[in-house]
Amino acid sequence: MDELDEEDALIYSHFTHNGFVAFKEFFFEAFFVGFVIAIFFAEAGAFGIDFPDDTRGFFGEGIDEIDIASKALEVLPLATYFGLALGGRGLGHDFHFGQDCNRNTIWPHKETHALRIPHRKKYANFSYLCANMALAHTRIYGQDSPLPRPPEGRRYMAYVETYGCQMNFADSELVAGLLHQEGYSFTTRPEEADLILINTCAIREHAEEKIWQRLRYLESLKTVRPHLMVGVIGCMAERLRQRLFEESPVVDLVMGPDSYRHLPHLIRQVESGTKAIHTLLSREETYADLAPLRLAPNKVSAYLSIMRGCNNMCTFCIVPFTRGRERSRPCQSIIQEAIQLAKAGYKEITLLGQNVDSYNDNGLRFAQLLRIVAEAVPNVWIRFATSHPKDMLDEVLETIAACPNLSPYIHLPIQSGSNRILARMNRGYTVEWYLERISAIRRYLPNAVISTDIIVGFCGETEEDFQETLSAMRAAAFDSGYYFMYSERPGTLAARRYKDDIPPEVKKGRLEQVIALAQQLSLESNQREIGRVHPVLLEKVSRRASEDLTGRTFHGKAVVVRDIARSHQPGDRVFVRIREVTSATLIAEATDASPLGVD
Ligand code: SAM
Ligand code: SF4
């Protein structure tokens with residue numbers, strides 16, 4: 001197996017593993033029913049099943065979900081046989097799908113998943129079977145009767161709740177677009193919704209705990225609104241799949257990040273009385289043709305997703321397993337959406353990808369995309385996230401310096417300041433390389449604001465490694481950042497290779513030290529702004545004082561502009577002079593003076 005094969009194998013074995021677990025539970029039932037069917041065939045003189053070389057022939061191409069329950073009955077004797085033959089050998093993770101596809105698809109939607117079985121073909125065929133059985137299992141053990149419908153003549157109301165990263169917020173807007181097409185209207189109160197979708201995050205254990213808590217609350221809602229349909233979508237849905245049905249009775253629908261297109265179909269499935277699941281990862285899906293419905297009340301800033309998935313396989317990270325392989329959205333569809341947003345009055349667009357520096361639309365790379373977008377919507381400020389230190393090129397920095405509406409805000413996660421830990425994390429760079437990239441940013445963009453992500457307490461992190469992280473923070477002089485305690489995620493490379501051996505209290509202590517230093521660095525960075533003039537995009541009324549508006553400077557710092565609410569409104573751009581600062585915010589007043597080089 002070459003390196004890429006191994007990565008694919010990991011991703012796919014992770015998700016087929018869930019199929020196996022379900023299969024194992026299903027197996028005993030399958031055995032008995034299969035046994036009865038086998039006797040029937042034997043009695044009829046028809047028993048003697050030939051195992052097909054290629055399961056495509058057996059299942060038919062692109063079988064539809066509707067057929068799965070009946071197909072499951074067809075495969076029961078086979079399931080019994082396979083179960084008997086292989087059950088004792090341990091089903092573990094030893095099944096893998098190859099890298100390139102020849103589209104031997106037997107998954108319900110052939111466009112969403114394709115795979116090839118270059119070797120160990122029979123195991124892969126078996127895992128096809130298990131996965132389909134798992135789906136059938138879900139259907140067979142779904143609800144008994146159709147959900148009651150809301151009172152006649154009323155429009156269905158949807159409530160979409162989003163957890164996690166900006167990408168999830170962008171995805172929720174895609175899903176909202178689909179619901180809108182289906183005739184749903186939207187509410188901000190789950191208590192009055194007919195459909196609740198929770199878009200979930202799996203990045204840390206704590207993120208998932210919050211979702212379980214939320215589902216417990218939704219159980220109480222369902223007791224008073226029996227027709228309520230609840231869906232869990234996004235990364236946790238992709239990771240846990242049918243376990244969500246098993247562990248939370250309130251969940252009717254489970255849908256992974258590459259399955260949103262199937263939402264209308266899944267809703268109808270739940271309405272007809274079965275639980276619905278679609279969690280197949282795709283190599284092609286970019287949702288380029290779907291129109292998001294902007295949910296945020298602020299019609300000033302919008303997220304625009306330019307890629308999906310990630311190929312990096314940082315050892316701590318669940319994202320490649322929940323969001324699949326990296327795909328770049330075609331440049332043309334990005335431009336179209338940017339132009340639509342500008343026409344709709346948006347003043348700021350953030351381009352999103354897990355690693356924007358590896359954007360590649362048939363050879364068109366990120367720096368070119370940035371320039372094209374910036375020129376297509378010259379009156380819109382453009383930001384982006386996330387850059388990867390191993391891939392960020394000078395060309396991107398040159399482009400930002402050359403285009404007046406590209407914000408010099410760079411989010412460049414370092415994760416650790418120790419080369420030994422960076423190697424264990426499989427980040428693909430050293431601290432020296434990282435700090436050289438910081439120097440390059442400051443060289444091209446002297447005004448840049450740089451933020452970062454740091455994980456403390458990764459497996460095997462010594463006090464010395466940790467001190468190196470603090471030193472790197474000082475050397476990079478970060479303006480801001482996001483700081484986390486390492487949280488082991490099942491199925492990741494780190495969970496397989498290393499022991500999560502740093503005690504929680506040590507992780508906590510290190511996190512506190514990182515936050516204290518970060519606050520000091522942010523304060524120093526903000527103090528350098530006192531007296532400077534910046535263009536600011538006003539976003540909303542301040543929660544603390546109704547005469548103030550809050551917003552962001554062009555280079556990405558949060559700012560409160562005093563006494564401006566009477567003369568201006570969210571969406572306006574103004575020049576401000578910075579008067580005071582805290583470690584988190586600049587406090588400013590509007591001014592007529594324009595800063596050098598910006599007008
Ligand atoms: N793609 C981005 C990158 O490579 O920097 C980040 C994506 S991830 C959604 C956001 C951040 O979560 C990461 O940069 C990392 O600091 C943090 N993170 C990811 N996995 C984690 C884990 N298992 N435990 C703690 N923090 C984690
Ligand atoms: Fe996760 Fe690394 Fe990909 Fe970021 S680059 S999403 S941390 S695997």
Side-chain angles (χ1 to χ4, degrees), residues 7-8 10-11 14 162-171 199-209 234-236 238-239 257 303 305-327 350-359 366 384-392 410-417 421-429 434 437 450-459 461 469 472-473 478 480-500 502 504 507-508 510-511 514-515 518:
E7 289 177 4
D8 274 347
L10 274 168
I11 291 172
H14 180 78
T162 311
Y163 293 80
C165 63
Q166 297 164 322
M167 192 69 93
N168 267 9
F169 283 83
D171 279 0
N199 193 354
T200 58
C201 171
I203 201 90
R204 281 170 291 277
E205 197 181 345
H206 179 63
E208 292 194 355
E209 278 162 8
C235 290
M236 188 176 164
E238 188 66 47
R239 194 180 87 74
Y303 293 127
S305 166
I306 62 166
M307 350 174 28
R308 300 189 72 81
C310 183
N311 283 355
N312 279 329
M313 300 298 282
C314 300
T315 56
F316 53 78
C317 188
I318 194 78
V319 168
F321 301 93
T322 57
R323 288 187 163 270
R325 309 298 287 174
E326 183 184 281
R327 291 138 270 165
T350 304
L351 307 178
L352 297 177
Q354 295 297 347
N355 176 2
V356 290
D357 299 295
S358 64
Y359 179 85
F366 185 55
F384 58 87
T386 298
S387 304
H388 198 296
K390 78 178 162 54
D391 296 321
M392 194 187 65
I410 311 278
H411 182 58
L412 195 69
I414 183 170
Q415 311 297 2
S416 167
I421 296 296
L422 285 174
R424 284 192 138 206
M425 288 178 163
N426 193 29
R427 286 289 289 177
Y429 54 84
Y434 183 90
R437 292 290 75 205
I450 305 177
S451 63
T452 198
D453 290 348
I454 290 176
I455 297 176
V456 296
F458 185 64
C459 317
E461 184 188 72
T469 297
M473 285 175 72
F478 293 118
S480 58
Y482 303 89
Y483 310 105
F484 312 102
M485 287 187 275
Y486 172 60
S487 163
E488 185 178 83
R489 306 313 290 133
T492 55
L493 286 166
R496 290 159 196 236
R497 281 183 196 163
Y498 308 123
K499 194 158 179 276
D500 180 12
I502 309 300
K507 287 183 185 171
K508 197 160 167 273
R510 289 180 184 168
L511 183 65
V514 162
I515 291 173

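As the structure lists them, so they are numbered: ligands from 1, and atoms in each ligand from 1. Values in this document were obtained by computation on a predicted structure and should not be read as measured data.
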Should you measure from each heavy atom of His388, which atoms of ligand 2 turn up under 4.0 Å away?
-> 5 (S)

Region of Pro320 that comes within reach of ligand 2 [heavy atoms, distance under 4.0 Å] | side chain

Show the numbers, then the answer: is there a side-chain contact (heavy atoms from CB on, under 4.5 Å) between Thr469 and Phe458?
-> CA-CA 12 Å; Thr469 297; Phe458 185 64; over 6 Å; no

Return yes if some donor-acceptor pair links the side-chain N/O of Arg323 with the main-chain N/O of Pro257 below 3.5 Å, else return no.
-> no

Under 3.5 Å donor-acceptor, Asp500 side chain and Ser487 backbone = no

Does ligand 1 have a heavy atom under 4.0 Å from the side chain of Gln166, from its backbone, from both, or from neither?
-> neither

Shortest non-hydrogen contact between Pro320 and Met313, atoms and distance = CB-SD, 3.7 Å

Got the closest protein heavy atom to atom 23 (N) of ligand 1, with its distance?
-> Ser487 O, 2.8 Å

In terms of atom number and element, which parts of ligand 2 are under 4.0 angstrom from non-hydrogen atoms of Gln354?
-> 6 (S)

For atom 10 (C) of ligand 1, grab the closest protein heavy atom and report residue, atom and distance to one decimal in Å.
-> Asp453 OD2, 3.8 Å

Minimum-distance protein heavy atom relative to atom 26 (N) of ligand 1 | Arg204 NH1, 3.2 Å

Donor-acceptor under 3.5 Å (Asn168 side chain, Tyr163 main chain) | yes

If you take all heavy atoms of Ile421 and Glu461, which pair is closest and at what distance?
-> CD1-CA, 3.7 Å

Determine, using heavy atoms of Arg427 and all atoms of ligand 2, whether some pair is separated by less than 4.0 Å.
-> yes

With a cut-off of 4.0 Å, which atoms of ligand 1 are near a heavy atom of Tyr486?
-> 23 (N), 24 (N), 25 (C)

Using distance alone, determine whether His388 and ligand 1 share an N or O pair under 3.5 Å.
-> no

Quick one: does Thr315's side chain have a donor or acceptor within less than 3.5 Å of a partner on Arg424's backbone?
-> yes

Heavy atom under 4.0 Å from ligand 1: found in Thr386's side chain, backbone, both, or neither?
-> side chain

Considering only heavy atoms from C-beta outward, does the side chain of Ile414 approach that of Phe478 to under 4.5 Å?
-> yes

Nearest non-hydrogen atom to atom 25 (C) of ligand 1 belongs to which of His411, Met485, Met167?
-> Met485

Provide the number and element of each atom of ligand 1 under 4.0 Å from a heavy atom of Arg489.
-> 23 (N)

Could an N or O of ligand 1 be found under 3.5 Å from any N or O of Phe316, whether backbone or side chain?
-> yes

Taking all atoms of both residues into account, what is the closest heavy-atom pair of Cys459 and Tyr486, and its distance?
-> SG-CE2, 3.6 Å

Between Arg437 and Tyr429, is NZ or CZ placed under 6.0 angstrom from the six-membered ring centre and within 45° of the ring axis?
-> no

Write down the atom of Ala518, the atom of Tyr483, and the distance for their closest heavy-atom approach.
-> CB-OH, 3.3 Å

side-chain hydrogen bond (donor to acceptor under 3.5 Å, both in side chains) evaluation trace for Thr350 with Gln166 | CA-CA 9 Å; Thr350 304; Gln166 297 164 322; 5.5 Å; no

Work out whether the distance between some heavy atom of Arg323 and some atom of ligand 1 is less than 4.0 Å.
-> no

Can an N or O of Gln415 be found at a distance shorter than 3.5 Å from an N or O of ligand 1?
-> yes

Which segment of Pro413 sits under 4.0 Å of ligand 1 when only heavy atoms are counted = side chain

Atom indices of ligand 1, in the order listed, that fall short of 4.0 Å to a heavy atom of Gln354 = 1 (N), 2 (C), 7 (C)

Closest protein heavy atom to atom 3 (Fe) of ligand 2, given as residue, atom name and distance to 0.1 Å = Cys310 SG, 2.3 Å

Would you check if atom 3 (Fe) of ligand 2 lies under 2.8 Å from any N, O or S atom of Cys317?
-> no

Specify side chain, backbone, both or neither for Cys314, according to which of its non-hydrogen atoms lie closer than 4.0 Å to ligand 2.
-> both

Just jot down the ligand 2 atoms closer than 4.0 angstrom to any heavy atom of Phe316, in number order.
-> 7 (S)

Are any of the N/O atoms in Glu488 less than 3.5 Å from those in ligand 1?
-> no

Answer yes or no: is there a donor N or O on one side and an acceptor on the other, between the side chain of Arg496 and the main chain of Gly491, under 3.5 Å?
-> yes

Residue and atom name of the nearest protein heavy atom (relative to atom 5 (S) of ligand 2), distance in Å to one decimal | Asn312 ND2, 3.3 Å

What residue and heavy atom of the protein are closest to atom 4 (O) of ligand 1, and at what distance?
-> Arg427 NH1, 3.2 Å

Mind telling me whether His411 and Tyr482 have parallel, tilted or perpendicular rings, with 30° and 60° as the class edges?
-> perpendicular

Determine, using heavy atoms of Asn355 and all atoms of ligand 1, whether some pair is separated by less than 4.0 Å.
-> no

heavy-atom search around atom 19 (C) of ligand 1 in the protein gives Ile203 CG1, 3.4 Å

Have Asn355 and Asp391 got a donor and an acceptor in their side chains that come within less than 3.5 Å?
-> yes

Hey, does His388 have a side-chain heavy atom less than 4.5 Å from the side chain of Arg427?
-> yes

